[in-house]
Amino acid sequence: MNTIITISRDFGSNGREIGKRVAEKLSIKWYDKDLMKRAAEKSGLCTEIFENHDEKPTSSFLYNLVMDTYSFGYSSSNYIDMPIGHKVFLAQFDAIKAIADEGPCVIIGRCADYALQDRDNCINLFIHSDFDVRVKHIMERYNLSEDKAKDMINKKDKQRANYYNFYSNKKWGKAESYDLSIDSSILGIDGTVDLICYLVNEFEKKNS
């Protein structure tokens, strides 16, 4: 079955690593920042632009312009004058859809669950973790003090939430926005990977 797994995640919850390992265990592809490369190639914009606007919200008053332009495609004259942040979002939106058409995979972040909301072959997950566990992880990963790690986590979480809440019709981190919300600090990385793989297998059995 062509199952697509989308993973939204708290910063420092190991969501990216968990997604990567799930893909490896299921022998399917996984996409994170390399999704930006795909979007850049398709849109003609340079990769650096995507990196600078990655999962960052933009001015909300232009939201209708973004969605109207997306509805009509890139041929719309409005696209030419659209702010670069919106162009990045639209290009990633299309890249996510194209990737999902190619076969089963894991897609990390970037409103993938929203981009694919009309498909019934998706499992949408949110990975979170105890805040103190995340602080310790970020301190070790980036060699930061406790205070700086906390600041980094709060900033990244707020950035991701603003991006998701702005572009989707759901709320980032809220259980009802996803099929399953998992605390990775309970089972650890390996245990969380096993849980997700079990969920995928049961999902495919049910829908085969």
Side-chain angles (χ1 to χ4, degrees), residues 1-38 54-55 92 95-117 119-144 149 152-153 156-157 159-161 163-164 168 170-208:
M1 183 177 176
N2 183 29
T3 303
I4 310 299
I5 304 156
T6 72
I7 296 180
S8 297
R9 70 280 183 230
D10 275 341
F11 185 69
S13 65
N14 285 309
R16 180 181 185 275
E17 180 64 22
I18 289 168
K20 177 183 178 183
R21 293 195 191 185
V22 165
E24 291 172 347
K25 191 166 184 177
L26 296 176
S27 298
I28 60 179
K29 295 181 178 179
W30 73 287
Y31 297 89
D32 183 22
K33 291 187 180 297
D34 45 350
L35 189 153
M36 293 187 291
K37 183 179 179 181
R38 284 279 298 266
D54 187 31
E55 291 191 303
Q92 286 191 155
I96 289 168
K97 288 178 174 290
I99 286 170
D101 287 337
E102 294 172 1
C105 64
V106 175
I107 304 176
I108 310 294
R110 295 163 187 85
C111 292
D113 59 316
Y114 179 63
L116 303 174
Q117 65 177 337
R119 308 194 185 202
D120 57 8
N121 62 327
C122 293
I123 297 177
N124 303 313
L125 307 174
F126 187 86
I127 307 296
H128 59 101
S129 182
D130 180 83
F131 186 75
D132 290 338
V133 172
R134 292 198 284 148
V135 170
K136 183 179 179 181
H137 172 60
I138 294 303
M139 287 174 65
E140 294 174 351
R141 181 177 179 182
Y142 295 101
N143 192 27
L144 298 175
M152 189 176 188
I153 289 172
K156 289 288 188 180
D157 280 353
Q159 176 181 303
R160 289 176 178 175
Y163 179 85
Y164 186 89
S168 80
K170 301 184 290 183
K171 292 296 182 182
W172 184 83
K174 294 294 184 180
E176 58 268 26
S177 296
Y178 311 91
D179 297 317
L180 184 66
S181 182
I182 307 172
D183 185 342
S184 61
S185 62
I186 293 178
L187 297 177
I189 294 177
D190 291 338
T192 303
V193 169
D194 290 341
L195 175 63
I196 294 173
C197 289
Y198 173 79
L199 174 66
V200 172
N201 289 332
E202 291 301 306
F203 175 79
E204 293 183 343
K205 285 180 184 177
K206 181 176 182 293
N207 293 282
S208 61

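Excluded from the calculations below are hydrogen atoms, water molecules and symmetry mates; all remaining heavy atoms, backbone and side chain alike, are included. Remember, it's a predicted structure, so these values are computed and weren't measured experimentally.
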Engineer: Give a yes or no on this: more than 12 heavy atoms of other residues, nucleotides or ligands lie within 6.0 Å of atom NZ of Lys170.
Structural biologist: yes
Engineer: Would a 4.5 Å heavy-atom cut-off, applied to side chains only, mark Leu26 and Val106 as touching?
Structural biologist: no
Engineer: For residues Lys206 and Glu202, determine if any side-chain heavy atom of one lies less than 4.5 Å from a side-chain heavy atom of the other.
Structural biologist: no
Engineer: Where is the tightest heavy-atom contact between Tyr164 and Lys171, given as atom of each residue plus distance?
Structural biologist: CE2-C, 3.7 Å
Engineer: Work out which heavy atom in Asp113 is nearest to a heavy atom in Tyr178; give both atom names and the distance.
Structural biologist: OD2-CE2, 4.0 Å
Engineer: If we ignore hydrogens and angles and just use 3.5 Å, is the side chain of Arg134 paired with the main-chain N or O of Phe11 as donor and acceptor?
Structural biologist: yes
Engineer: Taking everything shown except Asp101 itself, do over 12 heavy atoms lie less than 6.0 Å from its CG?
Structural biologist: yes
Engineer: OG1 of Thr3 to CZ of Arg119: how many Å apart, nearest 0.5 Å?
Structural biologist: 13.0 Å
Engineer: Could you note down all residue pairs passing salt bridge (charged side-chain N to carboxylate O under 4.0 Å, His left out) where residues 173-183 supplies at least one of them, sequence neighbours left out?
Structural biologist: none
Engineer: Under the side-chain contact (heavy atoms from CB on, under 4.5 Å) rule, collect the residues that match up with Asn207, sequence neighbours excluded.
Structural biologist: Met1, Phe203
Engineer: Are Leu144 and Met152 close enough that some pair of their side-chain heavy atoms sits under 4.5 Å apart?
Structural biologist: yes
Engineer: Side chains of Trp30 and Arg16: does their closest heavy-atom pair fall under 4.5 Å?
Structural biologist: yes
Engineer: Any idea which heavy atoms bring Pro104 and Asn2 closest together, and the distance?
Structural biologist: N-OD1, 2.7 Å
Engineer: Taking C-beta and beyond as the side chain, do Ile18 and Ser184 meet within less than 4.5 Å on heavy atoms?
Structural biologist: yes
Engineer: Taking only distance into account, with no hydrogens and no angle test, what donor-acceptor pairs under 3.5 Å do side-chain atoms of residues 191-201 form with protein atoms, sequence neighbours excluded?
Structural biologist:
residue	atom	partner	partner atom	Å
Thr192	OG1	Gly188	O	2.7
Asp194	OD1	Lys25	NZ	2.3
Asn201	ND2	Cys197	O	3.2

Engineer: Please report the interatomic distance NE2(His137) to CG(Asp130), rounded to the nearest 0.5 Å.
Structural biologist: 13.5 Å
Engineer: For Ile108 and Gly19, work out which heavy atoms get closest and say how close.
Structural biologist: CD1-CA, 3.9 Å
Engineer: Should Ile127 and Asn14 count as side-chain neighbours, where that means a heavy-atom distance under 4.5 Å?
Structural biologist: no
Engineer: Would you call Arg110 and Asp32 a salt bridge, using N to O less than 4.0 angstrom?
Structural biologist: yes
Engineer: Say you draw a straight line from CD1 of Ile153 to CE of Met139; how long is it, rounded to the nearest 0.5 Å?
Structural biologist: 10.0 Å
Engineer: State, yes or no, whether a side-chain contact exists between Ser177 and Trp172 at a heavy-atom distance under 4.5 Å.
Structural biologist: no
Engineer: Grab the two heavy atoms, one from His128 and one from Ser13, that are nearest each other, plus how far apart they are.
Structural biologist: C-CB, 3.9 Å
Engineer: Roughly how far, to the nearest 0.5 Å, is CG of Leu116 from CD1 of Ile5?
Structural biologist: 12.5 Å
Engineer: So do Arg9 and Glu17 actually touch side chain to side chain, heavy atoms under 4.5 Å?
Structural biologist: no
Engineer: Do you know which two heavy atoms are closest between Ala149 and Val135, and how far apart they sit?
Structural biologist: CB-O, 3.9 Å
